[in-house]
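Everything on this sheet refers to the single structure shown next.
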Number of protein chains: 2
Amino acid sequence: MHSLAEAQARLAVHIRENGLKHTRQRDEVLEVFYALGGHASIDELLAQVQTRLPGVGYATVYRTMKLFVEAGVAHERKFQDGQTRYEPHMGDDHHDHLICLDCSRIFEFEDPIIEARQSDICAGRHLRPVHHRHEIYARCTLGAGCPDRLPP
Amino acid sequence: MHSLAEAQARLAVHIRENGLKHTRQRDEVLEVFYALGGHASIDELLAQVQTRLPGVGYATVYRTMKLFVEAGVAHERKFQDGQTRYEPHMGDDHHDHLICLDCSRIFEFEDPIIEARQSDICAGRHLRPVHHRHEIYARCTLGAGCPDRLPP
DNA sequence: GTCGATGCAAAGCATTTGCACAGAA
DNA sequence: TTCTGTGCAAATGCTTTGCATCGAC
């Protein structure tokens with residue numbers, strides 16, 4: 001699942017199968033969620049949704065994103081700033097995050113060697129990894145030359 | 001720094017150097033903190049401190065743990081249960097966490113291969129790792145035989 | 001006697017929930 | 001018409017802060 005259209009289809013199925021309802025709000029939140037691209041916070045989502053559908057409040061966005069997670073179209077990520085962020089579900093590929101402390105950009109990475117080491121570490125303790133969280137916080141080696149430096 | 005005595009010494013220095021004061025509460029919180037051994041939450045700390053010094057409230061424990069972090073005798077860790085946990089600072093050695101979803105135990109691990117891969121991943125993007133968070137959530141392969149299984 | 005620390009209650013944030021009403025099916 | 005979804009406000013859980021008082025120096 002990559003595109004908005006696929007997400008809409010999957011959500012529709014989930015709604016059907018669980019006797020839920022298709023609403024304008026859910027449509028708009030899903031479109032905004034895909035338009036924002038990834039790592040969107042509730043505040044960012046709400047701000048965008050309100051430009052399309054004034055009157056929507058936090059409760060609806062929170063409930064809707066929870067529904068998206070249950071429907072499998074979104075993932076929940078908790079970084080260190082106290083805000084929950086969401087990203088579109090992209091099939092089975094797993095990835096972790098690399099966060100630039102200079103410009104706040106969030107990169108994604110996936111490393112088979114690290115994944116393998118994790119299994120080994122677990123195996124030594126009679127454990128089997130279920131999921132993990134791996135975030136690297138880093139700074140530009142280019143200093144002020146960071147091409148996408150953002151205001152602090 | 002490993003022992004309570006060393007932590008007491010370091011805290012005393014920090015207090016001296018910053019014109020702060022040595023108090024009974026800070027003594028007790030530090031002892032309880034070391035007695036609990038690691039990954040203690042504010043609630044756990046407060047409960048223990050109150051057996052020794054009734055009347056202490058959340059505010060004091062929160063403020064005291066923040067002081068310990070500044071003094072370098074404690075580290076702050078945020079796992080996924082919404083509670084901040086603290087662990088004694090053990091010199092320069094860094095470690096990550098392996099959390100058993102069956103019995104809630106928290107293991108520590110450190111893996112040079114993973115650390116090296118992290119640097120490589122950063123280098124490819126002109127970044128230099130500053131710190132990271134790596135948590136593996138796992139289940140016992142022993143099933144109900146998990147020797148230290150705890151109630152859910 | 002100063003000035004930082006404490007304890008309590010109130011305030012802050014992010015998130016969740018109760019409830020009356022609106023709107024899909 | 002029925003029952004879920006929505007919007008608002010109040011409630012919650014964790015953490016921080018304001019303020020009068022306490023206690024270390």
Would you give the length of the straight line joining atom CD1 of B:Ile136 to atom CZ of A:Arg128, rounded to the nearest 0.5 angstrom? 13.5 Å
Given DNA chain D, 5'-ward residue of the pair B:Arg85 and A:Arg63, judged by closest heavy atom: A:Arg63
Any idea which of C:dT15, D:dC25, D:dG7 is nearest the A:Ile42 side chain? C:dT15
Hey, does A:Lys66 reach any base, or is it just sugar-phosphate, or nothing, if we go heavy atoms under 4.0 Å? sugar-phosphate
Using only side-chain N and O atoms of B:Thr84, determine if any of them is under 4.0 Å from OP1 or OP2 of D:dC14. no
Check every strand shown and say whether B:Arg26 touches a base, only sugar-phosphate, or nothing at a heavy-atom separation below 4.0 Å. sugar-phosphate
Between A:Arg52 (CZ) and D:dT6 (P), how many Å, whole number? 16 Å
Can a side chain N or O of B:Gln25 be found less than 4.0 Å away from OP1 or OP2 on C:dG7? yes
The side chain of A:Lys21 is closest to which nucleotide in this list: C:dG7, D:dC3, D:dT6? D:dC3
If I take atom CZ from residue B:Arg133 and atom CZ from residue B:Phe79, how far apart are they, to the nearest 0.5 angstrom? 9.0 Å
Taken to the nearest whole Å, OH/A:Tyr58 to P/D:dT12 is 21 Å
From CD of A:Glu28 across to C1' of C:dG23 the rounded distance in Å is 16 Å
Would you mind reading off the distance between B:Glu17 atom CD and C:dG4 atom P, rounded to a whole angstrom? 17 Å
Taking only the side-chain heavy atoms of B:Tyr62 (C-beta and beyond), determine which of C:dT6, C:dA5, D:dT15 contains the nearest atom. D:dT15
Taking the side chain as every heavy atom from C-beta outward, state whether B:Glu70 and B:Asn18 have any pair of such atoms under 4.5 Å apart. no
Which listed nucleotide (C:dA9, D:dT6, D:dG7) is nearest to the side chain of A:Ala59? D:dG7
Note, A:Leu20 side chain near A:Leu67 side chain (heavy atom, < 4.5 Å): yes
Please determine whether a side-chain nitrogen or oxygen atom of A:Thr60 lies at a distance below 4.0 Å from atom OP1 or OP2 of D:dG7. yes
